[in-house]
2 protein chains.
Amino acid sequence: MLDPEGVTHIYIQLASILRGRIAASPPGTPVASEAELQQEFRIARSTARRAIQVLREDGLVHTIPGDGTFVGPPGQPRHMEYWPAYQRIAAGITERILAGSLLPNRRIPSEKVLMEQYGVAKATARKAVAHLREQGWVFTVPSRGTYVSPQETWPKT
Amino acid sequence: MLDPEGVTHIYIQLASILRGRIAASPPGTPVASEAELQQEFRIARSTARRAIQVLREDGLVHTIPGDGTFVGPPGQPRHMEYWPAYQRIAAGITERILAGSLLPNRRIPSEKVLMEQYGVAKATARKAVAHLREQGWVFTVPSRGTYVSPQETWPKT
DNA sequence: GCTCATTTGTCCGTATGTATC
DNA sequence: TGATACATACGGACAAATGAG
């Protein structure tokens, strides 16, 4: 627990508490958000920020604006448990491509089908497809559909 | 009051009580005689002697054989000016430290509080703290406060 | 496209410490 | 004695990015 009367600055105390939690977490695990820390330890948000800043400067965590702070250096694959929905969907499709159930120059399931299969909104399905396109797994032909790319353009795995 | 069951030796406890009285007395004022202390605190005369010896070794009092013990260094004419305010304040704080009302690694009153409690200027309060710091009673953490040192670094009493 | 919630980024003002002049 | 500077800490406000519907 924090000791407000103690010799050590609050943000330093908090940083060492978080250090303990981080040590028990695999890379990619989300660290408690600033708002959560604020509530849990009854501190100002600026103090929580300061503590996380210390951890970041120590290279123990990395922060993605608008998303959160995660254990380990940036670029680390986040544990699948914490993937956003659109990434999970994209992963499911790449799996089917690699397994051969989706063939090069053949259509992938339409947005509508993806919505039903995964129970998500259209925007989420669109984002999954956009993600696959950016990585080179698929390409889109206007007015016709989205197709699996030739194997040469697949990202190296 | 004295605590016969306490951790601290009786003569140390008595010395800190006397320190407080001395702090409020001008140099040259007679300290209670050994016999008076013996009666007031229900202790052996040897214990009273021992407490006064501590104060003498601290330079807080001097003893004239056959006459008595007096506040301040020897040669001081009695009933002169009061001690410098900062010394009075410092002595008050060391008393609280020795009495256990101010604990190691806990904050001492801030300058602002000392100003109000003793009715002195900020510079005076600062000087008192600086005095304590030089003697090893306290240490200061920037932007956080001044704290009681661990007992190991206290001046020997 | 829009809306919503969550999260981080940034800035402000206030209070409280000490440090310095 | 007073004024100023600096750092921590708190609290609030608003913007920007992200994910999701």
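Here is the naming used below: chain letters follow the sequence lines, and residue numbers restart at 1 for every chain. Side chains are part of it too, since the values below use all heavy atoms of this structure and drop only hydrogens, waters and symmetry mates.
The phosphate of dA19(C) (OP1 or OP2) has a side-chain N or O of Arg126(B) nearer than 4.0 angstrom. For the OP1/OP2 pair of dT8(D) and a distance below 4.0 Å, the side-chain nitrogens and oxygens of Tyr11(A) include at least one atom meeting the criterion. Using a 4.0 Å cut-off, some side-chain N or O of Lys127(A) falls inside it from OP1 or OP2 of dG19(D). Within the structure, every side-chain polar atom (N or O) of Thr47(A) is placed at least 4.0 Å from both OP1 and OP2 of dA9(D).
Contacts of Pro84(A) with the nucleic acid, taken as non-hydrogen atoms under 4.0 Å apart, involve only primed sugar atoms and P, OP1 or OP2. Note on Lys122(B): a base of the nucleic acid sits closer than 4.0 angstrom, heavy atoms only. Among the heavy atoms of the strands lying under 4.0 Å from Thr124(A) are primed sugar atoms or P, OP1, OP2 only; no base atom is included.
Rounded to whole Å, the distance from CD on Glu111(A) to C1' on dG21(D) is 14 Å. Nucleotide dG17(C) holds its C1' atom 10 Å from the CZ atom of Arg144(B), rounded to whole Å.
Taking the six-membered ring for Trp and thresholds of 30 and 60 degrees, Trp154(B) and Trp137(B) have ring planes inclined between 30 and 60 degrees apart.
Using modelled atom types, one finds a donor on one side chain and an acceptor on the other under 3.5 Å when comparing Gln53(A) with Glu57(A).
Each of Ala44(A) and Ala123(B) was assigned the nucleotide of DNA chain D with the nearest heavy atom; the assignment lying further toward the 5' end belongs to Ala123(B).
One end of the helix from dC2(C)-dG21(D) to dC21(C)-dG2(D) points its axis 20° away from the other end's axis, with each axis taken from 5 pairs and the angle rounded to 10°.
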